[in-house]
Amino acid sequence: RAKDYGTNGYRFYTAEMNDAVIQKLVLEEWMNKALEQDEFVLYFQPQVDIFDHRLNGMEALLRWNHPRLGVISPGDFIPLAEETGLIIPIGKWVLRTACMQNKAWQLEGFPPLKMAVNISPVQFYQDDFVQVVLEALQESGLEPQYLELEITEGIAMYQLDQVVDKLNTLRELGVHISIDDFGTGFSSLNYLKKFPIDKLKIAQQFVRDVTDDPDDAAIVQAIMAMAQSLNLNVIAEGVETEDQLSFLLDVKCREIQGYIYSKPVPADEFYDLLKRNMVA
Ligand code: C2E
Ligand code: MG
Ligand code: MG
Ligand code: MG
């Protein structure tokens with residue numbers, strides 16, 4: 001905000017600061033309209049069982065289809081959406097749309113799959129978050145076991161008791177919980193015994209060089225061992241190569257997500273993927 005740069009009523013701007021501030025304001029204003037104007041869209045990326053080559057589920061990934069700028073990646077607008085609070089209505093839209101889409105595919109006759117949805121900490125900390133999830137399930141008619149919420153370790157840093165309460169409530173409803181980008185946050189692992197979670201997502205940064213960098217290989221193996229003792233499922237993210245895939249097979253990491261199988265695709269393309277999965 002402009003006023004953050006002010007001192008004693010004066011506002012000092014360098015040219016760069018001014019640019020950055022204006023860019024932010026413009027982006028914020030556009031983002032405000034984006035929801036009304038239906039510019040957000042969900043892409044879906046398959047999550048695949050590499051032991052028996054089956055589709056296990058999909059992750060919904062947000063895109064902003066700007067009329068002039070084209071498709072904008074979440075990394076370019078989610079931080080500002082979080083800062084301004086716009087992530088709250090956007091996140092609601094994502095949950096609702098992901099649940100509706102998943103239910104729609106089920107109604108088409110495809111075998112039911114789990115839909116993973118990314119949840120911002122800002123969204124999760126809202127008092128009515130559980131209610132928002134419930135509404136998305138009710139409006140869509142999706143059974144809770146076909147919804148998975150991806151949270152990040154950072155959520156364990158504040159209001160731990162309330163966070164645990166919320167997660168327990170969601171879990172009791174039947175919703176699944178996974179930890180996204182596992183191992184990249186700065187939290188202690190203490191939350192692992194407090195959180196009622198189902199799955200760890202091995203961050204792409206460990207997968208990337210897993211076949212060349214012994215440290216990454218050791219980290220992935222350690223995550224596998226920990227998940228096994230804690231009775232958690234694991235999925236590796238960002239798998240692009242055959243070498244990565246065979247490493248993951250070797251360490252018995254059963255589920256993967258990555259370009260090697262498919263990039264995130266729009267709903268109509270995912271539909272084709274579902275059709276191929278049925279006949280495979
Ligand atoms: P994430 O949840 O960890 O999602 C994985 C990211 O890795 C996605 O980027 C996906 O497109 C990308 N990816 C998947 N497979 C590969 C691969 O094999 N190679 C490479 N290089 N990349 C791969 P995307 O879609 O740009 O999303 C970035 C981040 O934005 C997500 O990371 C997530 O944290 C956030 N995000 C996306 N959608 C939402 C949303 O609806 N709500 C919230 N709060 N955050 C979201
Ligand atoms: Mg994710
Ligand atoms: Mg991730
Ligand atoms: Mg992420």
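Every number for a ligand or one of its atoms is a count from 1 in the order of the listing.
Among the heteroatoms counted here (N, O or S) of E150, OE1 is the one nearest to the Mg ion (ligand 2). When the Mg ion (ligand 3) is compared with the N/O/S atoms of D181, atom OD1 turns out nearest. Of all N/O/S atoms in E59, OE2 sits nearest the Mg ion (ligand 2).
Looking only at atom types and distance, the side chain of N118 has a donor-acceptor partner in the side chain of E59 under 3.5 Å away. The closest side-chain donor-acceptor pair between Q257 and K201 falls under 3.5 angstrom.
Contacts of D180 with ligand 1, taken as heavy-atom pairs under 4.0 Å, involve the side chain alone. At a 4.0 Å heavy-atom cut-off, ligand 1 touches D181 through the side chain alone. Using a 4.0 Å cut-off between heavy atoms, K263 makes no contact with ligand 1 at all. Here K201 has no heavy atoms under 4.0 Å from ligand 1, in either its backbone or its side chain. Counting heavy atoms closer than 4.0 Å to ligand 1, residue V94 contributes side-chain atoms (C-beta onward) but none from N, CA, C or O. Residue-level proximity to ligand 1 for I90 is absent, since no heavy atom of it falls below 4.0 angstrom.
Residues F270 and V71 do not share a hydrophobic cluster, defined by chaining ILVMFWY side chains whose heavy atoms lie under 4.5 Å apart. When the side chains of ILVMFWY residues are joined at heavy-atom separations under 4.5 Å, either directly or via intervening members, M100 and L274 end up in two distinct hydrophobic clusters. Residues L61 and V41 do not share a hydrophobic cluster, clusters being chains of Ile/Leu/Val/Met/Phe/Trp/Tyr side chains in contact below 4.5 Å.
Taking every heavy atom of S120 and a limit of under 4.0 angstrom, the matching atoms of ligand 1 come to 44 (N). The distance from ligand 1 to the heavy atoms of V239 drops below 4.0 Å at these ligand atoms: 18 (O). Heavy-atom proximity to Q45, at under 4.0 Å, picks out these atoms of ligand 1: 14 (C), 15 (N). Per-residue contacts place G238 under 4.0 angstrom from the following atoms of ligand 1 (heavy atoms of the residue considered): 15 (N), 16 (C), 17 (C), 18 (O). If you number the atoms of ligand 1 from 1 as listed, the ones under 4.0 Å from a heavy atom of G258 come out as 15 (N), 18 (O).
Classified by interplanar angle (parallel below 30°, tilted 30° to 60°, perpendicular above 60°), the ring pair W93/F40 is tilted. Using bins of under 30°, 30° to 60° and over 60° for the plane-to-plane angle, the ring pair F129/F124 lands in the tilted bin.
Geometric assessment of K194 against the ring of Y191 yields a negative cation-pi assignment under the 6.0 Å and 45° thresholds.
Metal site remark for the Mg ion (ligand 3): D180 contributes an N, O or S atom at a distance under 2.8 Å. Residue contacts to the Mg ion (ligand 2): E237 brings no N, O or S atom closer than 2.8 Å.
In this structure, E59 counts as a contact residue of ligand 1, since one of its heavy atoms falls inside 4.0 Å of the ligand. Heavy-atom separations between G91 and ligand 1 are all 4.0 Å or longer.
The nearest non-hydrogen atom to atom 24 (P) of ligand 1, considering only S262, P264, P74, comes from P74. Between atom 46 (C) of ligand 1 and the options D76, I78, V117, the minimum heavy-atom separation is to I78.
Aromatic rings of F77 and W30 (six-membered ring for Trp) have centroids beyond the 6.0 Å cut-off, not under it.
Inclusion of L61 in the set of residues having an N or O under 3.5 Å from an N or O of ligand 1 is not warranted. For ligand 1, one of its N or O atoms has an N or O atom of Q204 under 3.5 Å away.
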Practice problem: Determine, stepwise, if the pair D52 / R254 fulfils salt bridge (Lys or Arg N to Asp or Glu O under 4.0 Å). | Solution: CA-CA 9 Å; D52 55 17; R254 183 163 194 150; 3.5 Å; yes
Practice problem: Could you go through the side-chain hydrogen bond (donor to acceptor under 3.5 Å, both in side chains) check for T84 and E28 one step at a time? | Solution: CA-CA 8 Å; T84 57; E28 186 180 346; 5.0 Å; no
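Expressed to the nearest 0.5 Å, how far CG of D181 lies from OG1 of T184 amounts to 4.5 Å.
In this structure the side chain of P264 never reaches within 4.5 angstrom of the side chain of M58, judged on heavy atoms.
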